[in-house]
Amino acid sequence: MISLDQNGDPREPHAHIDITNELFSSLSYISDNKVIKAEMFNLLEGTRALEMLNPNLDTGLITLSDEEIAFDSGRPQSIDSVIAVQNRLLHLLPSWLNNSSLPLTVLSCRYVQTLLENYAFFRDGSLSQRCSLVDRRLQGSQWQHHDTVISTDSLEYQLVHKVLKSFIIGLAKFVGITLDIAMNVLYEEEDITTRTAGLDFLGEISTVAVLDELNHTIEWILASDIESGADVLISQLKLVLRLNQLNSVFSLSVPLFEESQKGITPSFDFLSDGTELVDKLSSIEYNQSCPGGAFSRFIQLDRENKTIPVEVYEIAPVEAWKSIRSLFQSVQGFVVNSHKICNYNQLINFLRYDISTSAVDMNIIARGIFQLYVIRDDRTILGCPNITVSNYSIDNIENVVGKNTDLLYLDDSSLSSVKPELKHQLKDRLQQMLQDLESCVYHNVTVHASNVCRQQQLMSKSLVLWDTLQVSWESFEVECFQLCKIGNELPSGDLGMAVSSYVYFTKLQAMIDLALNGVNLELYKDFEIYLIYWYVAYLIQLIVEHLTGRIDLIIEGKIAYIEKTHPKKIKKFKAGPKKQQLKELQLYYQNKILPQLVQTRDYNRIFLTNSLVAMNNFLDAICVFLMIISNLGICDFRDGPKSSLTSMEDMFHFRMKPWSSIGVPSLPTYAQYINSFKALGLDEAPDKFQSALSLIKVIKNKLHLSKSLYQSLLKDIVNDDRINSQFVQDDNSKVVYWYESIVKCIDSYSEEVEKFVEILESNKNDISQINSHNYKLKIIKSHHRYFPRVTVEKTFT
Amino acid sequence: MSLITTIDGLPYHQFNVQDKNEFTQISHLISQHLSEPYSIYVYWYFLNTWPQYCYTVKHPQDASSIIGVIISKIEPHRDVRIRGYIGMLVIDPEFRGKGIASNLVKLTVQTMIERDGADEIMLETEVINEGALRLYEGLGFLRAKRLYRYYLNTHDAYRLILPITPKSHTRIAFLPPVAPTGLTTDNSI
Ligand SMILES: CC(C)(COP(=O)(O)OP(=O)(O)OC[C@H]1O[C@@H](n2cnc3c(N)ncnc32)[C@H](O)[C@@H]1OP(=O)(O)O)[C@@H](O)C(=O)NCCC(=O)NCCS
């Protein structure tokens with residue numbers, strides 16, 4: 001039995017004490033099968049409990065070979081062996097991030113363990129002294145005693161104590177950096193597992209010192225007379241060096257929206273160099289194996305270990321290289337693109353299309369780096385000194401409802417006619433309201449780079465946040481208007497409610513995203529997918545009404561103010577400084593604000609509205625298609641599964657739970673859902689075949705309309721400056737890809753509809769043959785994450 | 001050993017806490033067919049606290065051998081609803097596809113509703129476990145959440161819920177606390 005005492009040495013037989021008898025005698029009084037446990041020890045703890053003598057759960061039963069136990073990390077090694085060890089470590093690093101843990105991957109390497117143990121033990125001294133590869137526990141039995149041929153001056157000695165050591169210092173530091181990122185923005189045990197077996201990954205050593213160490217060693221190799229293999233060693237060291245440079249992106253200050261800075265992208269050579277190094281190292285054939293015992297389960301029984309025994313985990317080399325490569329590529333992608341951002345809408349679209357959609361495939365560390373890169377410790381966005389989360393929130397509002405939102409710029413002059421007491425109250429309240437809004441905007445930003453499953457949970461929370469926000473902003477805006485006449489007016493003179501309108505818009509968008517993201521996560525069964533599309537179609541109808549109604553009027557109202565109301569106001573003044581001041585303001589409005597208002601209005605009209613209308617046509621087509629399938633009896637969306645232990649009504653409400661607490665718009669009732677099937681009249685139609693055929697025409701029209709709207713949007717994205725200017729210019733534009741994929745989905749729906757027409761035709765004489773016995777509905781992943789392919793197939797019974 | 005019912009000639013029993021052999025057989029059957037390795041503690045935790053929610057199916061010819069088992073618990077969830085939780089369900093491969101699992105789930109659900117007034121019943125299963133998904137979804141369980149890399153073997157999982165009362169579809173913040181019940185509380189799952 002191995003001692004669990006960390007200070008004891010598992011290789012020392014004296015460290016073991018047999019307590020079997022004591023243990024059993026202390027348990028002898030338990031007779032009634034009761035579980036004895038500490039209050040704090042709950043099921044979760046229990047699922048991780050180590051069970052003695054169970055080979056699946058008792059780390060004490062891990063068997064190691066003599067070679068593994070007696071492995072000597074200080075022993076000089078050949079160049080090929082060192083290359084092999086470093087190569088394997090480069091595979092174990094991404095293996096860790098593939099849902100494994102450090103003890104099963106990087107820390108399964110005895111070199112890494114020894115170095116980190118020495119680092120912890122030697123509190124003083126230089127980096128090199130602290131990070132020795134000499135195993136202190138092997139003093140007295142070192143290789144020197146047996147191997148007198150190899151001296152400390154030998155190349156083999158230097159390869160371990162200089163080259164491999166530097167490599168591991170670099171690798172360990174990078175693990176440390178990754179752990180820091182994980183603590184801040186990633187989810188433990190989902191994105192990453194941070195267990196470290198109680199070892200510190202060079203937290204006290206600066207990145208600069210590590211880079212120096214790596215550079216020195218590279219220079220040493222260059223100066224040495226190593227012939228074959230030197231360039232592989234150097235590439236491996238350089239790759240680790242590049243990894244350590246990744247966190248330098250946190251100090252990049254992106255000059256957002258500054259025209260003069262565009263095109264001047266700082267050098268990110270280290271990122272492309274990282275990719276090139278991966279390409280180079282992955283193309284080499286490594287034929288030498290690692291020294292025996294260098295990688296094992298040793299650490300699992302040697303050090304603090306709260307988990308069950310598991311084999312060393314290593315993904316295939318191809319996967320490993322792909323993972324490191326994608327890390328450099330992803331970081332390079334968002335760093336370069338973020339430097340192209342020219343306006344707020346681009347920033348918002350960048351987060352929505354570029355990041356949110358690619359978070360799924362993004363390397364986990366890249367995802368973490370991204371979060372910290374976008375919102376910095378000082379709450380600036382992308383490190384741009386004059387853009388903080390606060391003004392980002394304000395611009396988010398005006399990006400939808402246009403510039404010149406009175407309430408957002410309350411100052412002494414706009415409040416000049418308000419009593420001082422009320423003025424203070426208003427200002428304080430506004431401050432608080434803006435803070436609440438800011439935290440909601442912040443929350444939404446964090447959604448983008450989370451893992452897909454978390455995105456769903458964060459979005460669900462988002463609904464509650466934005467709903468609450470809407471209620472409070474509505475009453476605030478009404479009060480401000482009633483008490484002090486502050487607030488933008490619609491052209492009709494009514495209160496516009498600009499901020500609440502933005503909040504409502506954002507909330508509706510979140511409600512839609514949540515529903516459709518569930519499709520991507522495959523949360524819905526056949527009968528639910530109809531419900532979800534039906535509900536989303538309703539929400540889109542509302543958001544389109546809101547966008548083309550109130551929001552459009554708010555912007556028109558702001559335009560009318562600049563073009564008519566304000567000039568009239570100026571006319572009323574006599575010549576003098578006040579009039580002059582207003583004239584200057586008018587000039588500013590006309591030159592600066594008006595074009596922005598027009599831009600926002602046009603973007604809303606041409607792009608946002610049309611993309612929503614296009615989607616709604618598509619959704620309508622799908623819903624009618626599904627309704628026909630359901631009405632003909634292939635599967636009935638009104639009943640749920642045949643042997644269901646609960647009612648369809650309960651299922652309906654359960655599925656709609658995330659939206660159920662929203663005040664406006666209220667949830668459709670179950671009766672409305674059930675009645676939606678009657679709308680087509682197919683149930684009662686005397687000639688179901690003809691009826692179905694005419695509905696198919698409706699579907700085809702809708703698909704056609706949707707497709708042509710999407711196609712014209714795609715053209716606008718490229719050709720229309722008003723739209724084009726709202727997206728970051730990139731050859732691999734994600735927004736183009738997004739809409740092109742939807743068009744492909746429309747095409748596959750058209751194919752499915754044609755196939756279904758054939759089914760109808762072939763059962764023309766007895767339409768009742770189209771039933772759940774003869775046909776089944778299948779839903780399969782397709783080109784776009786929101787639109788899986790729905791297909792009707794013949795069953796083979 | 002109490003016989004509850006016989007379906008298609010197979011006897012369905014409630015677990016007997018006193019029978020050590022039964023315990024051993026159950027843990028053996030489960031450890032053979034579920035991917036997660038559970039400690040003896042986990043079995044004891046369920047079987048001792050909620051023996052009334054562990055049902056076994058015995059071999060038609062050999063009453064000492066267990067061919068199917070379901071293990072569950074029931075507790076207040078966040079103090080607002082009564083949540084049943086199906087922890088483990090395994091059928092001996094030789095006896096699969098005969099509706100045994102279905103019967104065990106039905107038995108569990110029924111008892112949870114009748115005896116303890118369950119508002120909902122929950123469980124987790126791997127996204128790739130088609131058999132389990134088909135089984136539960138056929139009985140009305142819905143996918144409430146997808147859990148990222150939930151299992152040791154890197155797979156995502158679905159959290160499935162069978163909604164039973166209106167409480168199951170009301171957001172927690174809008175529910176009053178449940179009256180104290182005789183049920184134990186463990187909010188760890
Ligand atoms: C999953 C498991 C419990 C099913 O047991 P079973 O007794 O064969 O299931 P049933 O016969 O009651 O089948 C119920 C339904 O599920 C379907 N089903 C069961 N196993 C299936 C499989 N492997 N593939 C497809 N469908 C399957 C059946 O067709 C049936 O559907 P139907 O009512 O539409 O005909 C069993 O396969 C098993 O023990 N698996 C290993 C352990 C496991 O995965 N447990 C669940 C973890 S939570």
Side-chain angles (χ1 to χ4, degrees), chain A residues 32-35 37 41-52 54 56-58 98-100 187 189-191 193 307-310 450-454 456-457 460 464 518 520-525 528 640-648 650-658 660-661, chain B residues 17-18 20 23 31 36-49 73 85 87 102 105-106 109-110 113 120-121 127 133 137-158 161-166 168-171 173-174 186-189:
Chain A
D32 56 357
N33 280 334
K34 265 252 158 65
V35 177
K37 68 175 187 82
F41 194 82
N42 57 22
L43 179 55
L44 197 67
E45 299 283 332
T47 53
R48 288 143 196 221
L50 304 185
E51 180 186 328
M52 282 162 75
N54 178 340
N56 288 327
L57 297 168
D58 186 351
N98 194 37
N99 207 27
S100 188
Y187 289 93
E189 300 224 344
E190 284 183 21
D191 296 317
T193 305
T307 64
I308 57 178
V310 190
S450 304
N451 70 57
V452 277
C453 300
R454 275 286 157 188
Q456 188 76 354
Q457 288 163 44
S460 176
V464 182
N520 180 39
L521 296 179
E522 298 179 82
L523 288 183
Y524 315 125
K525 295 298 293 174
E528 298 170 273
K642 270 197 221 72
S643 337
S644 180
L645 300 173
T646 191
S647 72
M648 185 63 196
D650 277 314
M651 289 186 170
F652 168 88
H653 286 297
F654 181 78
R655 181 47 79 207
M656 303 314 277
K657 180 159 92 174
S660 64
S661 63
Chain B
V17 189
Q18 298 308 325
K20 200 167 171 215
F23 179 89
S31 65
E36 297 283 286
Y38 295 112
S39 72
I40 193 166
Y41 173 77
V42 176
Y43 296 115
W44 270 125
Y45 174 80
F46 276 93
L47 297 180
N48 258 301
T49 329
K73 63 174 185 142
Y85 178 81
S102 254
V105 175
K106 282 184 204 159
V109 170
Q110 244 164 24
I113 296 173
E120 64 187 12
I121 290 156
V127 293
L133 286 171
E137 289 176 349
L139 296 173
F141 283 76
L142 297 177
R143 302 177 185 184
K145 263 187 195 170
R146 187 174 176 125
L147 306 163
Y148 197 63
R149 297 175 163 189
Y150 187 70
Y151 288 106
L152 287 178
N153 55 13
T154 84
H155 289 301
D156 287 0
Y158 286 119
I161 289 186
L162 179 76
I164 298 166
T165 72
S168 69
H169 40 76
T170 310
R171 282 195 136 177
F174 298 83
D186 182 309
N187 283 330
S188 59
I189 279 201

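Order of the sequence lines sets the chain letters (A, B, ...), proteins ahead of strands, with each chain counted from 1. Source: prediction; values computed, not measured.
- For Ile308(A), the part sitting under 4.5 Å from any heavy atom of chain B is the side chain, from C-beta outward, and nothing else.
- When all heavy atoms of Tyr38(B) and Leu57(A) are compared, the pair lying nearest together is O-CD1, 3.3 Å.
- Both the backbone and the side chain of Asn98(A) come within less than 4.5 Å of a heavy atom of chain B.
- Heavy atoms of Val310(A) lying under 4.5 Å from chain B are absent altogether.
- Residues passing the ring-ring contact (aromatic ring centres under 6.0 Å, His included) test with Tyr524(A): none are found, sequence neighbours excluded.
- If you measure heavy-atom distances from Thr170(B) to chain A, the contacts under 4.5 Å come from the backbone alone.
- Rounding to the nearest 0.5 Å places NZ of Lys657(A) at 6.5 Å from OG of Ser168(B).
- Most heavy-atom pairs under 4.5 Å with chain A: of the set Ser102(B), Pro163(B), Ala173(B), this distinction falls to Pro163(B).
- Per-residue counts of heavy-atom pairs under 4.5 Å with chain B were compared for Pro658(A), Gly518(A), Ser660(A); the largest is that of Pro658(A).
- Listed options Lys642(A), Gln457(A), Met656(A) were ranked by heavy-atom pairs under 4.5 angstrom with chain B; first place goes to Gln457(A).
- In this structure, the side chain of Arg655(A) engages the main chain of Arg143(B) through a donor-acceptor pair within 3.5 Å.
- Contacts between Lys20(B) and chain A at a heavy-atom distance below 4.5 Å are absent for every atom of the residue.
- Residue Leu523(A) touches chain B through both its backbone and its side chain, counting heavy-atom pairs closer than 4.5 Å.
- Only one option out of Thr165(B), Leu162(B), Val109(B) pairs with Thr646(A) in a side chain to side chain contact (heavy atoms under 4.5 Å, CB included); it is Leu162(B).
- Closest of all the heavy-atom pairs between Asp650(A) and His169(B) is OD1-NE2, 2.9 Å.
- Annotation: side chain of Asn54(A) is not in contact with side chain of Ser39(B) (no heavy-atom distance under 4.5 Å).
- Interatomic distance, CG of Leu645(A) versus CD1 of Ile113(B), reported as 7.0 Å (0.5 Å rounding).
- Neither side chain, Arg149(B) nor Thr193(A), offers a donor N or O lying under 3.5 Å from an acceptor on the other.
- Heavy atoms of Ser460(A) lying under 4.5 Å from chain B belong to its backbone as well as its side chain.
- Options Leu142(B), Val42(B), Leu147(B) differ in how many heavy-atom pairs under 4.5 Å they form with chain A, and the most are formed by Leu142(B).
- For a residue to count as touching a neighbouring chain, one of its non-hydrogen atoms must lie under 4.5 Å from one of that chain's; by this rule Gln456(A) does not touch chain B.
- With Glu51(A) contributing its side chain and Ile40(B) its backbone, the two residues share a donor-acceptor pair below 3.5 Å.
- Counting heavy atoms from C-beta on, the side chains of Val464(A) and Arg171(B) come closer than 4.5 Å.
- Listed by chain and number, the residues in a side chain to side chain contact (heavy atoms under 4.5 Å, CB included) with Thr307(A) are Arg195(A), Asn305(A) (sequence neighbours excluded).
- Side-chain atoms of Lys145(B) never come within 3.5 Å of backbone atoms of Cys453(A) as a donor-acceptor pair (strictly under, hydrogens ignored).
- In plain terms, the two heavy atoms of Gly140(B) and Ser644(A) that are nearest each other are CA-OG, 3.7 Å.
- Taking CG from Asn99(A) and OH from Tyr148(B), the interatomic distance works out to 8.5 Å, rounded to the nearest 0.5 Å.
- By the 4.5 Å heavy-atom criterion applied to side chains, Asn56(A) and Ser31(B) are not counted as neighbours.
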